[in-house]
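We name chains A, B, ... by the order of the sequence lines, and we start the count at 1 in each one.
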Protein chains: 2
Amino acid sequence: MGLYHLNEERQAAVDKIRKRVIENIGRNMDLYGIPVSTGHLYGLLFFADKPMNLDEMGQEMKMSKTSMSTGVRTLLDYKMVNKVWEKGSRKDLYEVEYDWYQTFFDFFDVKWRKSVESNILILKKAIEEWSRLRKEHGDDEYLIAVMDQDLSKMKEAVAYYQWLDRLIDTFVNGDIFKLVPKEPPEQ
Amino acid sequence: MGLYHLNEERQAAVDKIRKRVIENIGRNMDLYGIPVSTGHLYGLLFFADKPMNLDEMGQEMKMSKTSMSTGVRTLLDYKMVNKVWEKGSRKDLYEVEYDWYQTFFDFFDVKWRKSVESNILILKKAIEEWSRLRKEHGDDEYLIAVMDQDLSKMKEAVAYYQWLDRLIDTFVNGDIFKLVPKEPPEQ
DNA sequence: TAGAACGTACAGTAAAAACTGTACAAAGTT
DNA sequence: AACTTTGTACAGTTTTTACTGTACGTTCTA
């Protein structure tokens with residue numbers, strides 16, 4: 001993978017081990033809803049010893065430049081890679097964000113938060129309309145029963161999403177480390 | 001949606017609001033890597049006032065029984081629904097797991113944990129081989145430099161995954177509630 | 001033990017997502 | 001100003017995923 005100072009045998013040994021790690025990281029990235037190939041791209045950048053441009057990526061991945069472009073953009077959206085400026089080069093350069101804790105938190109802050117907020121919004125609106133309907137049809141016992149059941153379910157759901165919202169807060173503001181402290185790498 | 005005691009007008013009003021909530025819950029379920037239609041199925045079961053069987057689901061969802069079967073199975077895998085036994089009925093009945101906290105934790109315990117463990121395993125193996133290679137090729141300065149860079153990256157990664165592992169532990173054993181307490185639903 | 005009801009395996013089809021190649025706009029170079 | 005280089009929009013293709021219908025094994029019923 002571009003370590004041209006090494007002889008072929010050593011190169012092969014290095015590549016083999018890296019490849020296995022890359023594949024694994026890439027495969028597990030579908031937890032973030034990221035395509036496997038984009039996961040591999042991430043793995044490639046993880047081991048790169050310097051920022052890479054789109055052409056280099058395409059060469060290593062044996063894929064089109066267009067795919068690299070969209071892949072990198074996805075990773076940028078997730079803040080998993082950063083754009084790097086290097087004088088002399090006209091090409092855009094990218095390197096992975098090595099702070100994986102931050103990557104994890106950003107994922108929740110962006111993706112989960114969005115979901116949480118829209119769910120709370122919709123549920124609160126539903127609860128409101130429900131309460132209104134409930135008054136209007138106060139005579140209909142069966143309807144009241146149905147609505148009360150729905151209402152309690154929805155209120156529980158809102159409580160859950162608000163909890164999730166607070167959990168994500170602890171990710172973003174770092175309070176989570178009070179409960180689960182970072183431990184330095186071995187050695 | 002099967003509330004046959006209600007007149008049509010009221011039925012429509014109830015359905016409309018429910019539908020919006022169901023759609024939203026379903027859509028946001030891709031965070032769990034679940035197909036939208038299976039998310040809708042979940043939403044349907046969420047509002048159902050009693051456990052449903054495959055035929056009823058198919059009727060409501062306007063989809064084949066086969067799809068309901070696979071959809072329900074997916075939700076079972078995620079422990080988002082439970083199989084219910086009801087004497088008299090030969091059909092399998094399902095209802096949603098209303099403890100959404102538990103659902104959230106199970107998701108991490110199953111999906112993320114698996115990923116975390118395989119990553120740790122592969123990384124540790126790579127670190128081991130790396131250290132071995134490092135000794136063998138102690139003469140090659142450039143190789144040493146490359147490997148040391150990789151080694152430190154991989155050790156950082158392991159530390160992160162172990163942190164994630166401990167985080168998931170706090171989900172499973174409930175310690176997370178010490179940091180982010182459950183609040184009861186409003187009213 | 002025959003018959004019906006139920007859930008799912010499996011093969012085929014429809015729909016969606018990923019990927020490629022071409023074309024072009026924007027920015028840099030001469 | 002003409003010519004390069006670079007990244008991406010877009011249309012078309014390939015691959016993957018979701019969905020359906022049929023067929024069949026299992027379990028319950030009579």
Using the six-membered ring wherever Trp is involved, compare the ring planes of Trp100(A) and Phe46(A) and label them parallel, tilted or perpendicular (cut-offs 30° and 60°). tilted
Without decimals, in angstroms, what is the distance between Leu54(A) CG and dT20(C) P? 14 Å
To the nearest Å, how far apart are Met61(A) CE and dC19(C) C1'? 11 Å
Charged tip of Lys83(B) within 45° of Tyr94(B) ring normal and under 6.0 Å: no
If you compare every side-chain N and O of Lys65(B) against the phosphate oxygens of dG7(C) (OP1, OP2), does one of them come in below 4.0 Å? yes
Which nucleotide in dT20(C), dA18(C), dG7(C) has an atom nearest any side-chain atom of Ser37(A): dA18(C)
DNA chain C nearest-nucleotide lookup for Gly88(A) and Val36(A): closer to the 5′ end is Val36(A)
Scan Asp92(A) against the nucleic acid and name what it touches under 4.0 Å (heavy atoms): base, sugar-phosphate only, or nothing. sugar-phosphate
Do the ring planes of Trp163(B) and Phe177(A) sit parallel (below 30°), tilted (30 to 60°) or perpendicular (above 60°)? tilted
At 4.0 Å (heavy atoms only), tell me whether Thr70(B) reaches a base, stays on the sugar-phosphate, or touches nothing. nothing
Find out whether the Lys NZ or Arg CZ of Lys111(A) is both under 6.0 angstrom from the six-membered ring centre of Tyr32(A) and within 45° of the ring's axis. no
Is any side-chain N or O of Ser64(B) closer than 4.0 Å to OP1 or OP2 of dT20(D)? yes
Picking from dA18(D), dT8(C), dT8(D), the nucleotide nearest the side-chain atoms of Ser69(B) would be dT8(C)
Protein-nucleotide distance (Ile34(A), atom CD1; dA18(C), atom P), rounded to Å: 11 Å
Measuring from the side chain of Thr66(A) (C-beta onward, heavy atoms only), which nucleotide among dT22(C), dC6(C), dA18(C) has the closest atom? dT22(C)
Arg90(B) has its side chain closest, among dA27(C), dT27(D), dC19(D), to dT27(D)
Selection from dT27(D), dC19(C), dT8(C) that lies nearest to any side-chain heavy atom of Arg73(B): dT8(C)
Could you state the CE-P distance from Met68(A) to dA9(D), rounded to the nearest angstrom? 16 Å
Rounded to whole Å, how long is the line connecting atom CG of Leu76(B) with atom C1' of dT8(C)? 14 Å
d(NZ, Lys91(B); P, dC6(C)) in whole Å: 4 Å
Whole angstrom value for the distance that separates P of dC6(C) from CE of Met52(B): 15 Å
Between Leu41(B) (CG) and dC19(D) (P), how many Å, whole number? 10 Å
Proximal nucleotide (of dA9(D), dC19(C), dC19(D)) relative to the Met63(A) side chain: dC19(C)
Closest non-hydrogen contact found for Leu45(B) with Tyr98(B) is O-OH, 3.7 Å
